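A quick note: this is a predicted structure, and the numbers were derived from the prediction, not measured. All values below were derived from every heavy atom in this structure, side-chain atoms included, with hydrogens, water molecules and symmetry-related copies excluded.
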Amino acid sequence: MTQQDPKLVTQAKTAEDWWRGAVIYQIYPRSYQDSNGDGIGDLLGITQRLPYIRSLGVDAIWISPFFTSPMKDFGYDVSDYCDVDPMFGQLSDFDALVETAHQLGLKVMIDLVLSHTSDQHPWSLESARSRDNDKANWYVWADPKPDGTPPNNWLSIFGGPAWTWEPRREQYFLHNFLSSQPDLNFHEPAVQDALLDVTRFWLDRGVDGFRLDTINFYFADKALRDNPALPPEARNATIAPSVNPYNHQEHLYSKNQPENIDFLKRFRALLDKYPGRAAVGEVGDAQRGLELLGEYTSGSDRIHMCYAFEFLSKDLLTAARVVEVLNRLDEAAPEGWACWAFSNHDVMRHVSRWNLTPAAKRLYLTMLMSLRGSACLYQGEELGLPEADVAFEDLQDPYGITFWPEFKGRDGCRTPMVWEPSNQNGGFSETQPWLPVSSEHLSRNVTDQEADPGAPLHHYRRAIGFRRAHPALIHGAHEALSAQGDVLSFIRTGSSERIFCAFNLSDTPSIIEMPPTENGGDWHPIGAELGVTGPAEDGKLHLGPWQPCFALDMSHREGS
């Protein structure tokens, strides 16, 4: 083999690093399956559908929060970290879910929201009473300026100042999100210890890992310095809608603090006591996402993997954009590990966001399954579901209610899963769901797609299966990143195979030159089930609209 840049060296996959290159299926529990007829999804409903999830070929599930909560932000405002909210069931239901998932060969990851709690959490209730109780320093409190205004200019992602007045303490408390979601003070060692105890509770219950919400928000600047203004040309609406003044600041001090690294090391040290456990961190930053990903995942003493927001943006994902992001990632995080996603519970579904045709939907998924890193799929994505159009009177999301109609919130991607066509609720529930089922979704239900060989569901299974069949696509290195017009190409290399990958991200035919094989051998087309084409006799690659190519380097495979 030729010598490679150290940053491209592949890493062997073992049982303990199952997460490296894993495909993770995200479940939004309110909207997956209602088992008791109250119109809200629950843990027993998820357990009922685990065989379906297993049939997709994914490695793990990630369940969005199901902890006890007043549900002001639908579970991302936790009032008891160590119990299940009654609307989702009880702890025994969670135990049954984990046991069933493990029997099916699925790992279980849960969503830990550590940066903030609900204002109804006992810690918050005690902290707010006075300045001299046991939890007085557990949240970020600050005195007003002499004129009574907040201590600095920090803004909330959900709109308005990031500070709310508490008259009992005559102080402001920090909340990067809703005013009912006060931020914990990670500068207080007892807070870190308590959160690690929470982590230990779920590890002892058998979870295989965690998705860490807003991982870069844990610490705030101890001096509470003002954030500087962000020039208009540098503003990016990936994290917050363009109509939100949050985009007018460079969030230099309200998040992304260097002290975060030390806490992540403590968190990782705890996970390492439980072999085979892993975590993926959500890095919410429009300017420094990849840089932070590198800081948080480099080495074996920090978080296992992170995903930033580069592929969750509104702008269409072009070949040039993918190459730009992957090159920046190689520079920022040569030892790190990314987890890619096109859709999740916080952004418009990518089918609508990028206005994808059926052929484009298939190719983007095929490409995602070929990228170096792990991948998250969001429930319903495998059905090709577009964003649902939720009327204002049906909105539940406080974010959307605040910024309507310029920003319609997150409810359009959170509507119930559609399982079968027998009723107007798509088999999700026997009663009126918490959000209406989109009529456009009903015809894309699981039952009908199972019977249609050309349906998106079957392409997802084929693409995931193709990835699983080729170790180089799971954990191999990547090299030769290239954007030739609308064609993205790269080579994935593992110890036993070297695969050329190309994707025509357009609706017009393209021709590119094939790169040389490693030792002067032949390229052998693979992946016929994904609609691939192979190199022509002249050595060029002719790609039809939205067509991929996978070719195996036979000289590498032969070990020469």
Side-chain angles (χ1 to χ4, degrees), residues 70 72-73 76-77 115-121 123-191 214 216-237 239-260 284-288 398-404 406-407:
K72 297 288 182 63
D73 192 23
Y76 284 90
D77 49 329
S115 69
H116 55 270
T117 71
S118 164
D119 60 1
Q120 299 305 303
H121 195 292
W123 300 345
S124 177
L125 293 172
E126 183 174 354
S127 187
R129 287 191 188 110
S130 68
R131 299 191 187 197
D132 57 3
N133 62 73
D134 289 343
K135 301 292 189 297
N137 198 39
W138 279 42
Y139 292 81
V140 182
W141 295 97
D143 292 330
K145 290 180 178 178
D147 62 0
T149 56
N152 61 30
N153 69 345
W154 296 355
L155 296 172
S156 163
I157 289 181
F158 285 176
W163 298 97
T164 291
W165 180 253
E166 171 49 66
R168 288 173 292 181
R169 290 183 56 134
E170 296 187 25
Q171 285 183 307
Y172 285 95
F173 65 85
L174 176 67
H175 53 90
N176 274 290
F177 301 93
L178 295 175
S179 60
S180 57
Q181 294 171 294
D183 279 45
L184 285 161
N185 177 19
F186 275 71
H187 293 287
E188 171 58 59
V191 169
T214 58
N216 55 315
F217 283 76
Y218 291 168
F219 283 84
D221 175 48
K222 211 166 188 178
L224 303 180
R225 287 170 283 186
D226 279 350
N227 283 327
L230 194 64
E233 63 273 12
R235 293 173 190 166
N236 185 319
I239 306 303
S242 58
V243 294
N244 192 338
Y246 187 83
N247 293 303
H248 291 223
Q249 289 185 0
E250 180 182 359
H251 300 279
L252 196 60
Y253 299 114
S254 52
K255 59 183 180 181
N256 306 338
Q257 298 307 289
E259 296 94 332
N260 215 24
D285 193 89
Q287 281 73 43
R288 295 187 56 211
Y399 203 5
I401 292 170
T402 298
F403 289 103
W404 179 278
E406 285 74 15
F407 173 66

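With rounding to the nearest 0.5 Å, the separation of NZ in Lys72 from CG in Asp77 is 7.5 Å. Put simply, CG on Leu252 and CZ on Arg288 are 8.0 Å apart, with the number rounded to the nearest 0.5 Å. Between the CG atom of Asn137 and the CG atom of Asp132 there is a distance of 12.5 Å, given to the nearest 0.5 Å. Gln171 contributes atom CD, which lies 10.0 Å from atom OG of Ser130 (distance to the nearest 0.5 angstrom). Note: Leu230 CG to Asn247 CG = 8.0 Å, rounded to the nearest 0.5 Å. Distance CG/Leu125 to OG/Ser118: 7.5 Å, rounded to 0.5 Å.
The aromatic ring centres of Tyr218 and Phe186 sit less than 6.0 Å apart. Residues His251 and Tyr246 bring their aromatic ring centres within 6.0 Å.
Annotation: salt bridge (Lys or Arg N to Asp or Glu O under 4.0 Å) contacts involving residues 240-251, sequence neighbours excluded, are absent. Within the structure, the salt bridge (Lys or Arg N to Asp or Glu O under 4.0 Å) test picks out the following pairs touching residues 225-234 (sequence neighbours left out): Asp221-Arg225. Sorted by first and then second residue, the salt bridge (Lys or Arg N to Asp or Glu O under 4.0 Å) pairs involving residues 166-179 (not counting sequence neighbours) are Glu166-Arg168.
The side-chain heavy atoms of Asp73 and Phe158, taken from C-beta on, include a pair separated by under 4.5 Å. Residues Trp163 and Asn152 form a side-chain contact, since some pair of their non-hydrogen atoms from C-beta on lies under 4.5 Å apart. Annotation: side chain of Tyr139 is not in contact with side chain of Asp183 (no heavy-atom distance under 4.5 Å). Under the 4.5 Å side-chain criterion, counting only non-hydrogen atoms from C-beta, Phe177 is in contact with Thr214.
The salt bridge (charged side-chain N to carboxylate O under 4.0 Å, His left out) search around Arg131 returns Asp143, not counting sequence neighbours. Residues meeting the side-chain hydrogen bond (donor to acceptor under 3.5 Å, both in side chains) test with Asn256, sequence neighbours left out: Asn216, Asp285. Every residue meeting the ring-ring contact (aromatic ring centres under 6.0 Å, His included) condition with His121, not counting sequence neighbours, appears here in chain and number order: Tyr81, Trp123.
Residues His116 and Pro182 approach most closely at CB-O, 3.2 Å, considering heavy atoms. Heavy-atom minimum distance, Trp138 versus Ala190: CZ2-CB, 3.7 Å. The two residues Trp141 and Ala136 come nearest to each other via the heavy atoms CD1-O, 3.3 Å. Across Thr402 and Pro398, no two heavy atoms sit closer than the pair OG1-O, 2.9 Å.
Proximity of a side-chain donor or acceptor of Ser127 to a complementary backbone N or O of Lys135 within less than 3.5 Å is detected. Between the side chain of Glu259 and the main chain of Lys222, no donor-acceptor pair closer than 3.5 Å is present.
If you check the side chains of Asn176 and Trp154, you find no donor sitting under 3.5 Å from an acceptor.
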Test side-chain hydrogen bond (donor to acceptor under 3.5 Å, both in side chains) on Ser124 and Thr117 and set out the steps. CA-CA 8 Å; Ser124 177; Thr117 71; 4.9 Å; no
